[in-house]
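Here's the structure, in structure tokens; my notes come after.
Chain letters run A, B, ... following the sequence lines, proteins first, then strands; residues in each count from 1. From a predicted model like this one, the values you see are computed outputs, not experimental measurements. For the numbers below, each heavy atom of this structure counts, side chains included, while hydrogens, waters and symmetry mates do not.
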2 protein chains.
Amino acid sequence: MDHSIEQASDSFSEGIGQLFQSWGLQKSMGSVFALLYLKEGPTSLEDIAAGLSMSKGNVSLNIREAERLGLVSKIWLKGDRRDYYEAEDNLWKIVRRVSRERQKREFDFAVETVKESLESLPPKNKDNEVVFARKRLKNLDSFLKSVNRMVNSVLSLETLRGATVNCPVLKHIPRKKRAVTE
Amino acid sequence: MDHSIEQASDSFSEGIGQLFQSWGLQKSMGSVFALLYLKEGPTSLEDIAAGLSMSKGNVSLNIREAERLGLVSKIWLKGDRRDYYEAEDNLWKIVRRVSRERQKREFDFAVETVKESLESLPPKNKDNEVVFARKRLKNLDSFLKSVNRMVNSVLSLETLRGATVNCPVLKHIPRKKRAVTE
DNA sequence: AGGAACGTTTAATAGATACTAAACGATACT
DNA sequence: AGTATCGTTTAGTATCTATTAAACGTTCCT
């Protein structure tokens with residue numbers, strides 16, 4: 001370990017890249033975000049590419065998605081036609097945004113799958129296997145709905161604040177961490 | 001749509017497969033679980049393979065991992081040396097198990113990354129960029145710890161039960177859904 | 001207008017991962 | 001013991017996705 005900030009930034013980018021990957025996001029997006037997160041002030045697309053030894057094209061692609069997800073924001077400096085970027089500082093905001101995104105894609109899809117499967121089951125059939133399958137699908141359906149409500153509740157935690165005092169789930173989370181706004 | 005149970009099972013397996021994939025699990029594992037979930041009683045490995053048009057090897061691989069995660073359980077029928085499997089019925093149990101698994105892998109890894117990055121920063125350096133990077137890393141660190149506590153709390157919800165009445169986050173989740181045991 | 005400095009797109013490549021088929025080892029039955 | 005029936009392992013293949021390099025279009029500057 002040789003205590004250069006480039007060194008630290010490199011291994012950090014790598015680590016966050018892996019973390020992103022396990023979250024179903026692009027590894028490169030993680031690297032880009034990590035670089036920006038440690039760097040104060042606006043950074044140009046080409047500086048990012050250079051700093052990560054990554055092609056401009058890839059940075060362009062990933063940073064656009066990152067911007068859409070609210071991980072970074074584009075900044076215009078007048079008199080400069082380059083695009084500059086900054087990392088979002090509020091990590092709760094990021095989590096909420098990404099979670100909502102995934103929830104929309106994955107949860108709705110799952111509900112749809114269950115619904116279609118239920119419909120394509122032979123109707124009014126008294127076969128044991130059909131009855132059993134239907135029971136399980138119903139169970140899955142209500143499970144998904146509960147998860148949905150639960151996720152929604154957790155994701156909108158910032159609206160709770162005053163109420164959370166009585167909630168054992170959250171009691172030990174520092175208040176200032178909870179008081180975030182979208 | 002032609003109302004055969006095979007039809008329903010097929011599209012269901014496909015759908016759950018995709019869902020698993022977006023959760024970072026094997027698509028095939030999702031298919032296997034889906035098949036078992038809709039089928040009552042023990043099913044042999046070869047029947048699963050046949051039912052999904054999948055190789056024995058692949059089923060063997062995926063079902064072992066599925067068993068480790070508690071998605072399915074192996075069943076011995078005496079007088080039969082084949083392996084039979086059944087799907088776990090309690091979906092909350094599954095979620096908890098998988099989440100814990102991921103938390104161990106991913107969360108601990110992230111914390112370690114942050115820690116190492118902090119250590120490899122030039123020490124006692126008053127450069128603006130170093131000070132800034134350190135501030136951000138500290139912020140990330142405390143964020144991760146909060147997330148950790150939060151996830152742990154949610155994952156151990158079954159221990160709450162009586163207490164959840166006062167918790168706005170969970171009030172509208174049916175009680176019977178919460179009262180699950182590991 | 002000509003040219004330089006951008007970001008984006010695209011077509012091709014590289015890389016990783018999942019899956020298969022077949023060989024293998026083990027176990028139970030005759 | 002020999003054989004048939006399992007599940008597992010492995011080595012190869014296929015598939016899919018991320019990434020690059022280069023062409024492209026645009027904007028700004030002189």
For residues B:I94 and A:V151: do they belong to one hydrophobic cluster (side chain heavy atoms under 4.5 Å, members Ile, Leu, Val, Met, Phe, Trp, Tyr)? yes
For the backbone of [Y] and the side chain of [X], can you confirm whether one donor and one acceptor N or O come within less than 3.5 Å of each other?
X	Y	answer
B:D141	B:L137	no
B:S9	B:I5	no
A:N90	A:K93	yes

All N/O pairs under 3.5 Å across the protein-nucleotides 27-30 of chain C interface:
{"unit_1": "C:dT27", "atom_1": "O2", "unit_2": "B:R81", "atom_2": "NH1", "d": "3.4"}

List every contact pair, protein side and nucleotides 17-20 of chain C side both N or O, where the distance is under 3.5 Å.
{"unit_1": "C:dA18", "atom_1": "OP1", "unit_2": "B:Q26", "atom_2": "OE1", "d": "2.8"}
{"unit_1": "C:dA18", "atom_1": "O5'", "unit_2": "B:Q26", "atom_2": "NE2", "d": "3.3"}
{"unit_1": "C:dC19", "atom_1": "OP1", "unit_2": "B:S28", "atom_2": "OG", "d": "2.7"}
{"unit_1": "C:dC19", "atom_1": "OP2", "unit_2": "B:S28", "atom_2": "OG", "d": "2.8"}
{"unit_1": "C:dC19", "atom_1": "O5'", "unit_2": "B:N58", "atom_2": "ND2", "d": "3.4"}
{"unit_1": "C:dT20", "atom_1": "OP2", "unit_2": "B:S55", "atom_2": "N", "d": "3.2"}
{"unit_1": "C:dT20", "atom_1": "OP2", "unit_2": "B:S55", "atom_2": "OG", "d": "3.1"}
{"unit_1": "C:dT20", "atom_1": "OP2", "unit_2": "B:N58", "atom_2": "ND2", "d": "3.4"}

Suppose the criterion is salt bridge (charged side-chain N to carboxylate O under 4.0 Å, His left out): which pairs have a residue in [range], not counting sequence neighbours?
range	value
residues 16-39 of chain A	A:E14-A:K27
residues 129-138 of chain A	A:R136-B:D89
residues 53-74 of chain A	A:E65-A:R68, A:R68-A:E101, A:K74-A:D83

The correct set of residues in residues 41-51 of chain A placing a heavy atom under 4.0 Å from DNA chain C is A:L45, A:E46
Would you tabulate the side-chain donor-acceptor contacts of residues 42-54 of chain B under 3.5 Å, counting partners in other chains and residues two or more places apart, or write 'none'?
{"unit_1": "B:S44", "atom_1": "OG", "unit_2": "B:D47", "atom_2": "N", "d": "3.1"}
{"unit_1": "B:S44", "atom_1": "OG", "unit_2": "B:D47", "atom_2": "OD2", "d": "3.4"}

Let me know the distance between [atom1] of [X] and [atom2] of [N], rounded to the nearest Å.
X	N	atom1	atom2	value
A:I63	C:dT8	CD1	C1'	14 Å
B:R64	D:dC6	CZ	C1'	15 Å
B:E65	D:dG7	CD	C1'	17 Å
B:Q18	D:dC16	CD	P	12 Å

Side chain to side chain contact (heavy atoms under 4.5 Å, CB included) filter on A:N128, not counting sequence neighbours, yields none
Residues passing the side chain to side chain contact (heavy atoms under 4.5 Å, CB included) test with B:A110, sequence neighbours excluded, are A:L19, B:L144
Residues in residues 67-77 of chain A with a heavy atom under 4.0 Å of DNA chain D, by number, are none
Exercise. Does the ring center of B:W92 lie less than 6.0 Å from the ring center of A:F143?
Worked result: yes
> Does any non-hydrogen side-chain atom of B:K115 lie less than 4.5 Å from one of B:E112?
Replying inline: yes
Quiz item: Are any of the side-chain heavy atoms of A:R82 and A:Y84 separated by less than 4.5 Å?
Solution: yes
Q. Is it true that the side chains of B:Q103 and B:N148 contain a donor and an acceptor less than 3.5 Å apart?
A. yes
As a check of understanding: the bend across the helix from C:dA1-D:dT30 to C:dT30-D:dA1, end axes from five pairs, rounded to 10 degrees, works out to 0°
Taken in chain and number order and not counting sequence neighbours, the residues that satisfy salt bridge (Lys or Arg N to Asp or Glu O under 4.0 Å) with A:R102 are A:E106
According to a strict under-4.0 Å criterion, is A:R82 in side-chain N/O contact with OP1 or OP2 of D:dT26?
no
